[in-house]
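Below: the structure, in structure tokens.
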Amino acid sequence: MNEKEYIKDCTKHRKELYLYAVRYTHDGDQAEDAVQEVLIALWMHHSEVGRKEAKGWLIRTLYRHLVDEHRRELRHDERLQSLVPDEVYNQFEQYELQDAMQQALDQLSERERAIILLCDVEGYKYKEIAEITELQESQVTGILYRSRINLKKAYLALNEQTINNKYIGTTKIRLI
């Protein structure tokens with residue numbers, strides 16, 4: 001891949017990479033940084049990556065970068081939680097009912113969330129997801145099935161919890 005091909009590929013795939021990263025991170029700035037890092041990595045490996053392989057390489061590298069960043073954040077959060085008493089965390093309010101789906105997605109494992117986003121949001125086929133995540137197509141199918149079940153359970157549990165926490169005076173709010 002030469003410089004002109006690199007620029008064309010970056011221009012062509014940047015928006016798609018950004019949208020995937022935003023869905024994964026829920027933060028536009030963090031997503032933009034991740035995309036920039038991946039594009040820099042592509043330039044560093046441009047002699048090894050062919051033009052036809054560029055899109056898959058970019059998505060796979062972005063996925064790995066986002067997973068690494070997420071794990072780094074988790075380790076950082078664990079260190080912070082060990083320094084701050086649990087009572088401080090219990091003071092935060094719960095999200096509203098419309099945020100239940102996002103919370104349910106966040107409860108899934110990194111792999112489950114990534115596969116659901118790739119399939120249901122991005123519209124990738126199972127074979128493409130298998131290439132990106134370096135799994136077998138049958139594994140992708142199984143993980144996607146279990147992920148959807150887990151997502152439904154988490155969503156329903158969060159909905160029930162949110163509804164049970166809503167009080168008007170002494171009467172619970174009932175949804176019909």
Side-chain angles (χ1 to χ4, degrees), residues 1-84 89 92 95-96 98-137 139-141 143-144 146-148 150-151 154-155:
M1 173 184 302
N2 61 33
E3 188 174 347
K4 286 184 180 183
E5 291 173 339
Y6 169 78
I7 292 171
K8 280 184 180 180
D9 284 346
C10 288
T11 306
K12 182 179 177 182
H13 302 302
R14 184 181 197 95
K15 184 177 180 181
E16 184 178 350
L17 293 170
Y18 175 75
L19 291 174
Y20 176 72
V22 166
R23 286 188 184 107
Y24 190 87
T25 64
H26 317 296
D27 180 3
D29 293 334
Q30 187 178 6
E32 183 63 37
D33 291 344
V35 169
Q36 189 67 32
E37 291 291 326
V38 169
L39 293 176
I40 291 170
L42 176 62
W43 179 249
M44 290 180 177
H45 299 333
H46 74 278
S47 60
E48 303 161 17
V49 178
R51 186 124 195 246
K52 292 180 180 179
E53 306 160 348
K55 182 178 179 182
W57 189 93
L58 283 167
I59 292 172
R60 186 171 46 251
T61 305
L62 178 63
Y63 168 74
R64 289 178 182 159
H65 179 79
L66 293 172
V67 168
D68 290 346
E69 284 296 314
H70 180 72
R71 289 178 181 161
R72 245 182 249 119
E73 287 175 10
L74 286 178
R75 284 194 302 271
H76 179 72
D77 289 347
E78 287 173 2
R79 279 187 244 130
L80 284 179
Q81 281 183 338
S82 67
L83 299 174
V84 180
Y89 291 104
F92 293 116
Y95 293 121
E96 296 298 322
Q98 64 267 20
D99 293 331
M101 181 57 78
Q102 186 58 53
Q103 288 180 334
L105 269 172
D106 291 341
Q107 289 182 6
L108 297 177
S109 71
E110 297 163 12
R111 180 185 290 176
E112 290 175 333
R113 183 172 48 247
I115 290 176
I116 282 182
L117 289 174
L118 285 169
C119 182
D120 295 339
V121 177
E122 296 291 331
Y124 284 97
K125 296 178 182 168
Y126 291 2
K127 185 176 182 178
E128 294 170 327
I129 296 170
E131 290 173 8
I132 291 168
T133 58
E134 296 181 343
L135 296 171
Q136 295 177 358
E137 196 171 337
Q139 289 175 307
V140 170
T141 305
I143 292 170
L144 188 59
R146 287 187 302 277
S147 301
R148 288 176 176 156
N150 292 338
L151 180 64
Y155 178 78

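In this chain, residues are counted from 1 in sequence order. In what follows, every heavy atom counts, from backbone to side chain, and hydrogens, waters and symmetry copies are set aside.
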Work out which heavy atom in [X] is nearest to a heavy atom in [Y]; give both atom names and the distance.
{"X": "G28", "Y": "V22", "result": "CA-CG2, 4.1 Å"}
{"X": "E122", "Y": "L19", "result": "OE2-C, 4.1 Å"}
{"X": "L39", "Y": "C10", "result": "CD2-SG, 3.7 Å"}
{"X": "A154", "Y": "Q107", "result": "CB-OE1, 3.3 Å"}
{"X": "L108", "Y": "L151", "result": "CD2-N, 3.9 Å"}
{"X": "R14", "Y": "V35", "result": "CG-CG1, 4.2 Å"}

How many angstroms lie between atom [atom1] of [X] and atom [atom2] of [Y], to the nearest 0.5 angstrom?
{"X": "C119", "Y": "I129", "atom1": "SG", "atom2": "CD1", "answer": "4.5 Å"}
{"X": "Y20", "Y": "I59", "atom1": "OH", "atom2": "CD1", "answer": "8.5 Å"}
{"X": "Y18", "Y": "T25", "atom1": "OH", "atom2": "OG1", "answer": "8.0 Å"}
{"X": "D120", "Y": "R23", "atom1": "CG", "atom2": "CZ", "answer": "11.5 Å"}
{"X": "I40", "Y": "E37", "atom1": "CD1", "atom2": "CD", "answer": "5.0 Å"}
{"X": "L66", "Y": "R113", "atom1": "CG", "atom2": "CZ", "answer": "10.0 Å"}

Side chain to side chain contact (heavy atoms under 4.5 Å, CB included) evaluation trace for E137 with E131: CA-CA 8 Å; E137 196 171 337; E131 290 173 8; over 6 Å; no

From CA spacing to verdict: side chain to side chain contact (heavy atoms under 4.5 Å, CB included), D33, E69: CA-CA 11 Å; D33 291 344; E69 284 296 314; over 6 Å; no

Salt bridge flag under 4.0 Å for residues E134 and R60: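 Result for this pair is yes, salt bridge flagged.
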
Check ion pair K8-E5 (N to O, under 4.0 angstrom):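 No, this pair does not count.
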
Side chain to side chain contact (heavy atoms under 4.5 Å, CB included) assessment of I7 paired with T11: CA-CA 6 Å; I7 292 171; T11 306; 4.2 Å; yes

Side-chain heavy-atom pair L42, T61 within 4.5 angstrom cut-off: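 Not touching, per the 4.5 Å side-chain cut-off.
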
Test salt bridge (Lys or Arg N to Asp or Glu O under 4.0 Å) applied to E110 - qualifying residues, sequence neighbours left out: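 Result, salt bridge (Lys or Arg N to Asp or Glu O under 4.0 Å) vs E110: R71.
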
Pairs where residues 50-75 contributes a residue and the test ring-ring contact (aromatic ring centres under 6.0 Å, His included) is met, not counting sequence neighbours: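 Counting only pairs at least two positions apart or across chains, the ring-ring contact (aromatic ring centres under 6.0 Å, His included) contacts touching residues 50-75 are H45-W57.
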
Heavy-atom neighbours of E73 CD exceed 12 at 6.0 Å: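 Counting other residues, nucleotides and ligands, CD of E73 exceeds 12 neighbours.
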
